[in-house]
Amino acid sequence: MMKQGYMLILTSALLLQGCAGAMLVGTGTGVGSVTDRRTFGTQISDQTIDMRALHRLGATKPLWDDSRFAVITTNGKSLLIGQTPTDVYRQQAEDIVRGVPGVSEVFNEVRIGQPVELAGRSQDTWLTSKVKSTLLAEKNLDGTKIKVVTENGEVFLIGLVTRKEADISVQLTRNISGVKRVITVFEFVQAAP
């Protein structure tokens, strides 16, 4: 009886491993949805676009095998980042993302080159943490309104922000050691009275 219980737990754990991405996405929504300026429905729609886009990219061989992509969507506007070896692949990836239902615009920031190695991705993760903590520590800015993604030293700032929030976040990010370039994908909202 004990062995069956252990087998059930082990089998369940192995089956759930495939759902880890979905669980993490769901967790991120719960935490971020409180401070996000998008409606909860729009957040879910944007995450669905991201998952569908990555699924379609992953199903396209050899494009997926030779490249590295990430898709981040805000209000139906998708930022496509990563690396791919040819301009043909770059355009193909953009066309795939553009074809996902709900996508109104694609910002193609994929760079031509080999995918970033693990050491570079680790450096990007560290840089994202430095930028995010800097934005969160700034008293004149609600850093929870800005999503930060780093790809090969380029920092992407994404979100629905006021012009003042945009200016402050860009200035702070530019002054962080290791940031090669700051790229904004902001949608502007009116400041609260």
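Worth knowing before you read on, the calculation uses all heavy atoms, side chains too, and leaves out hydrogens, waters and symmetry mates. Given the structure is predicted, the values throughout are model-derived calculations rather than measurements. Just so you know, residue 1 is the first one in the sequence shown, and it goes up from there.
Salt bridge annotation for R181-E154: present, with a cationic side-chain nitrogen under 4.0 angstrom from a carboxylate oxygen. Between R37 and E165 there is a salt bridge, with a side-chain nitrogen of the basic residue lying less than 4.0 Å from a carboxylate oxygen of the acidic one. Salt-bridge check for E105 with R98: failed, with every basic side-chain N at 4.0 Å or more from each acidic carboxylate O.
Minimum interatomic distance between Q83 and P115 (heavy atoms only, all atoms of both residues): OE1-CA, 3.4 Å. Across all their heavy atoms, I49 and S78 have their closest contact at CG2-OG, 3.7 Å. Closest approach of P62 to Y89, counting heavy atoms only: CG-OH, 3.1 Å. Nearest heavy atoms, R56 versus P101: NH2-CD, 3.7 Å. Of all non-hydrogen atoms in E151 and G82, the two that sit nearest each other are OE2-CA, 3.7 Å. Considering all non-hydrogen atoms of both residues, L54 and A70 come closest at CD2-CA, 4.4 Å.
With contacts defined as side-chain heavy-atom distances shorter than 4.5 Å, the pair T134/I176 qualifies. Taking the side chain as every heavy atom from C-beta outward, T74 and V185 never approach each other to under 4.5 Å. Side-chain atoms of L127 and V179, non-hydrogen and from C-beta on, do get closer than 4.5 Å to each other. You'll find the side chain of P85 reaches within 4.5 Å of the side chain of Q114, heavy atoms only. Side-chain contact check for R121 versus R68: some heavy-atom pair is nearer than 4.5 Å. Annotation: side chain of N152 is in contact with side chain of K180 (closest heavy-atom distance under 4.5 Å). In this structure, T150 and W126 have side chains that are not in contact, with every pair of non-hydrogen atoms separated by 4.5 Å or more. Looking at V148 and V155, their side chains come closer than 4.5 Å, going by heavy atoms from C-beta outward.
Side-chain N or O atoms of R38 include none that pairs as donor or acceptor with a backbone N or O of I44 at under 3.5 Å. At least one donor-acceptor pair closer than 3.5 Å links the side chain of N108 to the backbone N or O of R90. A side-chain donor-acceptor contact under 3.5 Å links K61 to the backbone of G58.
The CE atom of M51 sits 10.5 Å away from the OG1 atom of T73 when rounded to the nearest 0.5 Å. To the nearest 0.5 angstrom, K145 atom NZ is 7.5 Å from D36 atom CG. Taken from CD1 in I112 to CG in D87, the straight-line distance is 5.0 Å, to the nearest 0.5 Å. With rounding to the nearest 0.5 angstrom, the CZ atom of R174 is 9.5 Å from the OG atom of S169. To the nearest 0.5 Å, atom CG of residue L118 and atom CD of residue Q123 are 12.0 Å apart. We find the CD1-CD distance between I96 and Q91 to be 10.5 Å, quoted to the nearest 0.5 Å.
Listed by first then second residue, pairs satisfying salt bridge (Lys or Arg N to Asp or Glu O under 4.0 Å) with a partner in residues 127-138 number zero, not counting sequence neighbours.
Checking T42 against T39 by side-chain atom types alone, a donor-acceptor pair falls below 3.5 Å.
R52 CZ: 12 or fewer foreign heavy atoms inside a 6.0 Å radius.
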- [ ] Would you check, one step at a time, whether the test side chain to side chain contact (heavy atoms under 4.5 Å, CB included) holds for F156 with I72?
- [x] CA-CA 10 Å; F156 296 86; I72 304 98; over 6 Å; no
TODO: Go through T125 and T128 one step at a time and tell me if the side-chain hydrogen bond (donor to acceptor under 3.5 Å, both in side chains) criterion holds.
DONE: CA-CA 5 Å; T125 300; T128 295; over 6 Å; no
TODO: Show your reasoning for whether side-chain hydrogen bond (donor to acceptor under 3.5 Å, both in side chains) applies to D167 and Q171.
DONE: CA-CA 6 Å; D167 292 343; Q171 189 59 38; over 6 Å; no
- [ ] For side chain to side chain contact (heavy atoms under 4.5 Å, CB included), just list the numbers for V161 and F188, CA-CA rounded to whole Å, side-chain angles, deciding distance to a tenth of an Å, and then say yes or no.
- [x] CA-CA 5 Å; V161 298; F188 294 105; 4.3 Å; yes
- [ ] Determine, step by step, whether T84 and D66 satisfy the side chain to side chain contact (heavy atoms under 4.5 Å, CB included) criterion, reporting the C-alpha distance in whole Å, the side-chain angles of both residues, the deciding distance to 0.1 Å, and the verdict.
- [x] CA-CA 7 Å; T84 194; D66 295 341; 5.7 Å; no
- [ ] Give the C-alpha distance, both sets of side-chain angles, the deciding distance and a yes or no for side chain to side chain contact (heavy atoms under 4.5 Å, CB included) between V131 and L172.
- [x] CA-CA 8 Å; V131 172; L172 289 170; over 6 Å; no
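Hydrophobic clustering (side-chain heavy atoms under 4.5 Å, transitive across Ile, Leu, Val, Met, Phe, Trp, Tyr) groups L141 together with V182. In the hydrophobic clustering of ILVMFWY residues, with side-chain heavy atoms under 4.5 Å counting as a link, V103 and L57 come out together. Connection of I168 to L135 is established within a shared hydrophobic cluster, with ILVMFWY side chains joined at heavy-atom distances below 4.5 Å, either directly or through further cluster members. With hydrophobic clusters built from ILVMFWY side chains whose heavy atoms lie under 4.5 angstrom apart, L79 does not share a cluster with F69. V97 and F107 are members of different hydrophobic clusters when ILVMFWY side chains are connected at heavy-atom separations under 4.5 Å.
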